[in-house]
There are 2 protein chains.
Amino acid sequence: MPKSKSYKLDAEPADLPPEADQAHRFEKARTAQATALLEDYAELISDLIGTEGEARPTDIARRLGVSHATAIKSIARLKREGLATSKLYRGVFLTPAGEMLARRVRARHRLVVDLLVAVGVPQEAAEVDAEGIEHHVSEETLRAFAKFLGRA
Amino acid sequence: MPKSKSYKLDAEPADLPPEADQAHRFEKARTAQATALLEDYAELISDLIGTEGEARPTDIARRLGVSHATAIKSIARLKREGLATSKLYRGVFLTPAGEMLARRVRARHRLVVDLLVAVGVPQEAAEVDAEGIEHHVSEETLRAFAKFLGRA
DNA sequence: TCTGATTTGTAGCCGTGGCTACAATTAAGC
DNA sequence: GCTTAATTGTAGCCACGGCTACAAATCAGA
Ligand SMILES: [Mn+2]
Ligand SMILES: [Mn+2]
Ligand SMILES: [Mn+2]
Ligand SMILES: [Mn+2]
């Protein structure tokens, strides 16, 4: 059998030209960046609902440090992608898909912070950097982090 | 004197409202994302010049996995920001500022990959994830990585 | 040399995610 | 209940970074 396609979660690049490999890496980073915003919103909305009982656009905007108009537009994108719904003046809600995403993202966020702290990064720096790093950590890397932290 | 402004490299958030803290983290991540492209270009151009003797827009585009038109527009931004110059059909060059950026970025890239591998991430996953992660690793975190790797 | 391939540049489109300004709606307080 | 404040939504602007299509310039080979 030729190549025997692997059935892993993250598709393999296959060893063709070496430059295509690099292109593939950049492409992955671009994709991750494109979903980063959705991930942060899902996590934040879930947090707000959990701690405040509701997630209003204004609060979301303030937490993210953007204008409410920007937040509303991004929320529109979340709805468009089937991750959220909203009732006027009743705040934003997550669909099952949105909830699932939020759970995954929250767990990943924590793991990344914990890993950073574990290798000696000061708590506050870990919190700051993790907010960006998290979106680029693959499942495979995440498993390695968990194992390193003794949570295999 | 009020507040006594701190003179650290990374400005401090100051402990005002707790929500402003979170906003600050998101803002940092957004800033990092905005410079990510410039960093990748600088590093790649430097690499190409080192290995091929020149960095032509077409080659840059192929390595990044984007169209040549996209690469040319991004190179225009590099020039605009004083990081690169270019002679027609003679390729792209880095200004001193660009060179400095490239060196910093390359060193950081390596450190990130090495850290990932050191905590058990498979080589290929480390290479892929590092391409995105690197742009969100602060100086402080980088120092922690170096120390962890025994290169303090 | 000159002709065809390669490279580079330009133009114009799109979606995203910022912003301000203004409008409309709802909530709160008197 | 009315008035005012807060919230939400809309409109319109911008820069960025993707893309395709086309044009121009350069390079290379016959
Ligand atoms: Mn984040
Ligand atoms: Mn997060
Ligand atoms: Mn990168
Ligand atoms: Mn890199």
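Lettering follows sequence order; numbering is per chain, from 1. FYI, side chains are in, hydrogens and waters are out, and symmetry mates aren't considered; it's all heavy atoms of this structure.
- The shortest distance between the side-chain N/O atoms of B:R90 and the OP1/OP2 oxygens of D:dC27 is below 4.0 Å.
- A:R80 is linked by a salt bridge (charged side-chain N to carboxylate O under 4.0 Å, His left out) to nothing, counting only residues two or more places apart in sequence or in another chain.
- What separates CG of A:D59 from P of C:dA27 is a distance of 15 Å, to the nearest Å.
- In this structure a side-chain-to-backbone donor-acceptor pair under 3.5 Å is missing from A:S86 to A:G91.
- The separation between B:L64 atom CG and D:dG17 atom P is 12 Å, rounded to whole Å.
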Enumerate all atom pairs, one protein N or O and one N or O from nucleotides 12-14 of chain C, separated by less than 3.5 Å.
none

Would you tabulate the pairs of protein nitrogen or oxygen atoms and nucleotide nitrogen or oxygen atoms of nucleotides 20-25 of chain C closer than 3.5 angstrom?
residue	atom	partner	partner atom	Å
C:dT25	O2	A:Y89	OH	2.6

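- Evaluation of the side-chain hydrogen bond (donor to acceptor under 3.5 Å, both in side chains) rule for B:E54 yields no partner, not counting sequence neighbours.
- Taking the salt bridge (charged side-chain N to carboxylate O under 4.0 Å, His left out) definition, one finds that B:R110 meets it with nothing, sequence neighbours left out.
- With respect to A:V128, the side-chain contact (heavy atoms from CB on, under 4.5 Å) criterion is satisfied by exactly one of B:R25, B:E27, B:E140: B:R25.
- For B:H136, the ring pair (Phe, Tyr, Trp, His ring centres under 6.0 Å) test picks out A:H136, with sequence neighbours left out.
- Contacts between residues 35-50 of chain A and DNA chain C, defined by a heavy-atom separation under 4.0 Å, are made by A:L37.
- Every residue two or more places apart in sequence or in another chain that forms a salt bridge (charged side-chain N to carboxylate O under 4.0 Å, His left out) with A:E39 is listed here: A:R108.
- Residue A:R30 has its side chain nearest to D:dG18 when only C:dT7, D:dG18, C:dG9 are considered.
- Under the 4.5 Å side-chain criterion, counting only non-hydrogen atoms from C-beta, A:R77 is not in contact with A:K73.
- Following rounding to the nearest Å, A:I72 (CD1) and D:dT7 (P) show an atom-to-atom distance of 12 Å.
- Distances were taken from every side-chain heavy atom of B:T58 (C-beta onward) to each of C:dA27, C:dT7, C:dT10; the shortest belongs to C:dT7.
- Take A:R63 and apply the side-chain hydrogen bond (donor to acceptor under 3.5 Å, both in side chains) test, not counting sequence neighbours, and it matches B:Q22.
- We find that CD of A:E54 is positioned 13 Å from C1' of C:dT26, with the value rounded to whole Å.
- Nucleotide D:dG9 holds its P atom 10 Å from the CD1 atom of A:I60, rounded to whole Å.
- B:L115 contributes atom CG, which lies 13.0 Å from atom CD of B:E134 (distance to the nearest 0.5 angstrom).
- To the nearest 0.5 Å, atoms CG (B:D114) and CZ (B:R151) are separated by 4.5 Å.
- Under the rule for a side-chain hydrogen bond (donor to acceptor under 3.5 Å, both in side chains), the partners of A:D129 that lie at least two apart in sequence or sit in another chain are B:S138, B:T141.
- Of the residues in residues 75-87 of chain A, those placing a heavy atom less than 4.0 Å from an atom of DNA chain C are A:R77, A:R80, in numerical order.
- With sequence neighbours excluded, no residue satisfies salt bridge (charged side-chain N to carboxylate O under 4.0 Å, His left out) with B:E52.
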